[in-house]
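What you are looking at is a predicted structure, and each value in this text was computed from that prediction instead of being measured. For reference, positions follow the sequence shown, starting with 1.
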Amino acid sequence: MAKEKINFEDEQVRSDYRHTTAHIMAQAVKKLWPDAKLAIGPSIENGFYYDFDMEHKLTDQDLLKIQKEMKKIIQANYPMERFELPREEAIAFMAEKGEDYKVELIEDLPEDEVISFYRQGDFVDLCAGPHMKSTGQIKAVKLQSVAGAYWRGDSDRKMLQRIYGTCFPSQQELDEYLAKLEEAKKRDHRKLGKEMDLFMLAEEGPGFPFFLPKGMVIRNELINYWKELHRQRGYEEIMTPLILNEQLWRTSGHWDHYKDNMYFTKIDDEDYAIKPMNCPGSILTFKRKLWSYRELPVRYAELGQCHRHELSGALHGLMRVRTFVQDDAHIFMLPEQTKEEVVKVIKLYDDLYKLFGLTYHIELSTRPEDSMGTKEEWDAAETALKEAIETIDVPYVINEGDGAFYGPKLDFHLEDSLGRTWQCGTIQLDMQMPQRFDVNYIGPDGEKHRPLMIHRAAFGSVERFIGILIEHFAGKFPLWLAPVHVRLMTVTEKFADYSDRIAESFKAAGLRAESDVRNEKIGYKIREARNERIPYLCVIGEKEETAGTLTVRNTRTGEEVEMKPEELQEFLLEEIRTKAKVRSFEENK
């Protein structure tokens, strides 16, 4: 009989597979440490975990023991048998096994909830399911780490031990996934940021990154490109205050929906807030005068510094910070302009992401539980976004209930060179804030009318986008973004004058060039430059000085050629001008 193929592309199948593996791990732990108490063990993105209350302190060696025991359970091919019990019997059944956490879970279930269990061999666990048919369907497993986790996420409850793992239908798929994880560790933006001297994080400011000179080069190049892109597309740049009166945030709705993430201060005995978002300031800027319908749409772009209170445990390099620059824009428009404006924003994003070699998919996030406004307004806004995205025939998926509190949105999830996704760009359609701030324009009938508003950000945050690019390119940036374009390195100090003279001519032409004339071995200089991911390295010795040339290495392609300084200068300037991802010397022939 042919083995049933597991469709791991199916989201439900993946979840069932991972959840079943969590149960297998729990059975293995109970076999090795019978006194361990079971808490919860769900499937998660890329794997699963299970929480245990046990006296034994788990180690990496223990994970290997558990994996070995799991292999036996898999080979036994136990069927996953579901059964139900009445509420009181279920409580007594778990209490008899000493599973206090399971008893608590059952007691907290609604009275009419079906209480189900799954049995595999001599192991039984409380679970709603579903699961795979048998333990033997699980093929490749890797337990990855142990961490602490409070019961039910409550810091006042007991700290449990959480084992994380992952699993795949084949060893090859597991090996490929683990290889990607290793590559991701090498590309970690915190590691590369330190090696390349781009930014730093200090205990004196957790969540408040410091950008260093070379990091500022990348930042400024990104921002200059962003400004030019928006200027070409009819945006006007503004800057709004960092601190605004508390009443503004009450009017905007942020006070009711977002205040736990905001920072506050007092000025002249009045309450003020440090802005977590730029939109209320942009609205005040638009509202300074009464506009004619003929003047709409108005597109305001702002690189606004925002502050949001993130829990210390959630902070992560540049990816999750407490202060960041959001590359915001707000479009005030006539209702009939909605589709055209959304399409224009999507096309802008497409140009931006393609430049960096980032593919993307789009999610339409609909009305959340804590939304403002009527259902009719939300239905109209969601329909407008659907029509816009369908106009340009871009595939999308619906993300139910994940819209902003003031309107539905399109989220752009970028895929990097390792296949990981990052939510960056967003387009949010807002019918609420123009009402709350009483924003109007004069229509063709001479009467006041309410404009619609789009909130949108392409990078999402400049800091996070830089972190993504560091990992996407593994620090090997396209030349136009690289902190240093070219480094000249002398074999001995004897050739310092020649090296310095060329470096100065390169700088005068607009290149970021450095001359390394230290009395160090050339091999050491080259290794150091490669660690800094400098795109072009030039070695200068007697041969080069005599011939008036440079031995040039392209560190991204591995090519090495001999060139005249003026030839290299022209080659580099053309690569910068075209914003090429990488350029071969072959193209110059």
Side-chain angles (χ1 to χ4, degrees), residues 1-34 36-54 63 65-87 89-99 101-106 109 113-144 162-171 173-174 177:
M1 183 176 174
K3 290 184 179 179
E4 185 179 347
K5 184 172 175 60
I6 295 170
N7 180 16
F8 213 59
E9 296 299 313
D10 185 288
E11 187 175 346
Q12 185 60 55
V13 172
R14 282 201 309 274
S15 177
D16 295 350
Y17 194 92
R18 291 164 177 165
H19 196 181
T20 300
T21 312
H23 276 233
I24 293 171
M25 179 174 71
Q27 183 178 4
V29 169
K30 288 288 283 187
K31 180 77 172 176
L32 294 167
W33 295 278
K37 293 182 185 295
L38 304 173
I40 58 170
S43 65
I44 56 175
E45 185 179 8
N46 297 322
F48 59 90
Y49 70 79
Y50 211 114
D51 291 343
F52 302 95
D53 182 1
M54 53 196 295
L63 296 188
K65 290 180 190 175
I66 298 168
Q67 264 190 220
K68 189 175 180 181
E69 194 64 37
M70 289 175 71
K71 190 173 182 180
K72 295 177 185 176
I73 297 167
I74 291 168
Q75 288 173 342
N77 195 22
Y78 297 123
M80 301 292 294
E81 300 172 318
R82 186 178 189 274
F83 65 93
E84 297 174 7
L85 289 176
R87 185 183 188 84
E89 283 187 41
I91 291 172
F93 182 61
M94 285 286 102
E96 185 181 350
K97 290 177 174 292
E99 299 292 358
Y101 297 99
K102 300 295 183 180
V103 169
E104 182 181 327
L105 290 172
I106 296 170
L109 290 173
E113 184 86 12
V114 173
I115 301 171
S116 61
F117 298 83
Y118 278 82
R119 178 184 288 112
Q120 60 207 55
D122 60 0
F123 176 76
V124 176
D125 200 356
L126 172 73
C127 188
H131 285 281
M132 305 300 287
K133 293 177 183 177
S134 70
T135 61
Q137 289 183 284
I138 307 305
K139 300 302 178 187
V141 179
K142 172 68 174 177
L143 301 187
Q144 297 165 291
R162 175 174 294 178
I163 303 176
Y164 285 99
T166 191
C167 53
F168 287 87
S170 72
Q171 189 62 44
E173 290 169 281
L174 175 60
Y177 174 73

Can you name the closest pair of heavy atoms from Val141 and Cys167 and give their distance?
CG2-CB, 4.2 Å
Between Cys127 and Ser116 the two heavy atoms that sit nearest each other are O-OG, 2.6 Å
Checking Lys142 now: which residues fulfil salt bridge (charged side-chain N to carboxylate O under 4.0 Å, His left out) with it, not counting sequence neighbours?
none
Flag the pair Tyr118 / Thr20 as yes when at least one side-chain heavy-atom distance between them is below 4.5 Å, and no otherwise.
no
Arg119: what forms a side-chain contact (heavy atoms from CB on, under 4.5 Å) with it, not counting sequence neighbours?
Glu81, Phe83, Val124
Mind checking side-chain contact (heavy atoms from CB on, under 4.5 Å) for Glu96 and listing every partner two or more places apart, or none if nothing turns up?
none
Test of understanding: with salt bridge (charged side-chain N to carboxylate O under 4.0 Å, His left out), list the residues that count as partners of Glu113, not counting sequence neighbours.
none
Please confirm whether the ring centroid of Phe48 lies under 6.0 Å from the ring centroid of Tyr50.
no
Among Lys72, Met70, Met80, which one satisfies side chain to side chain contact (heavy atoms under 4.5 Å, CB included) with Thr135?
Met80
Work out which heavy atom in Met94 is nearest to a heavy atom in Val103; give both atom names and the distance.
CB-CG2, 3.8 Å
So does Tyr78 get a backbone contact from the side chain of Gln120, meaning a donor-acceptor N/O pair under 3.5 Å?
no
Hey, could you give me each pair passing salt bridge (charged side-chain N to carboxylate O under 4.0 Å, His left out) that has a residue in residues 9-19? Not counting sequence neighbours.
none
Not counting sequence neighbours, list each pair that qualifies as a salt bridge (charged side-chain N to carboxylate O under 4.0 Å, His left out) and has a residue in residues 120-132.
Lys102-Asp125
Under the 3.5 angstrom rule, does the side chain of Lys30 hit a backbone N or O of Ala36 as a donor-acceptor pair?
yes
Of all residues at least two apart in sequence or in a different chain, which pass the salt bridge (charged side-chain N to carboxylate O under 4.0 Å, His left out) check with Lys31?
none
Intermediate values then yes/no, side chain to side chain contact (heavy atoms under 4.5 Å, CB included), Ile6 and Met132:
CA-CA 10 Å; Ile6 295 170; Met132 305 300 287; 4.1 Å; yes
From Ser15 OG over to His131 NE2, what is the distance, rounded to the nearest 0.5 angstrom?
9.5 Å
Do Ser134 and Asn77 have a side chain donor and acceptor closer than 3.5 Å?
yes
Measure the acute angle between the ring planes of His23 and His19, then classify it against the limits of 30° and 60° as parallel, tilted or perpendicular.
perpendicular
For Leu63 and Tyr164: C-alpha separation, side-chain torsions, deciding distance, then whether side chain to side chain contact (heavy atoms under 4.5 Å, CB included) applies.
CA-CA 10 Å; Leu63 296 188; Tyr164 285 99; over 6 Å; no
Can Asn46 and Tyr177 be said to form a side chain to side chain contact (heavy atoms under 4.5 Å, CB included), step by step?
CA-CA 9 Å; Asn46 297 322; Tyr177 174 73; 3.3 Å; yes
So, using salt bridge (charged side-chain N to carboxylate O under 4.0 Å, His left out) as the criterion, who are the partners of Glu84 when residues are at least two apart?
Arg82
Rounded to the nearest 0.5 angstrom, the CG-CD distance for Leu109 and Glu104 is 11.0 Å
Taking only residues two or more places apart in sequence, or in another chain, which ones meet Tyr17 in a ring-ring contact (aromatic ring centres under 6.0 Å, His included)?
Phe8
For a side chain to side chain contact (heavy atoms under 4.5 Å, CB included) check, start with the C-alpha distance between Leu143 and Met25, then their side-chain angles and the critical distance, and finish with the verdict.
CA-CA 9 Å; Leu143 301 187; Met25 179 174 71; 3.5 Å; yes
By side-chain contact (heavy atoms from CB on, under 4.5 Å), Ala90 pairs with (sequence neighbours left out) Leu85, Ile106, Ile115, Phe117
Residues that Lys71 engages under side-chain contact (heavy atoms from CB on, under 4.5 Å), provided they are two or more places apart
Gln75
How long is the gap from CD1 on Ile24 to CD1 on Ile74, to the nearest 0.5 Å?
4.5 Å
Under the ring-ring contact (aromatic ring centres under 6.0 Å, His included) rule, collect the residues that match up with Tyr101, sequence neighbours excluded.
Trp151
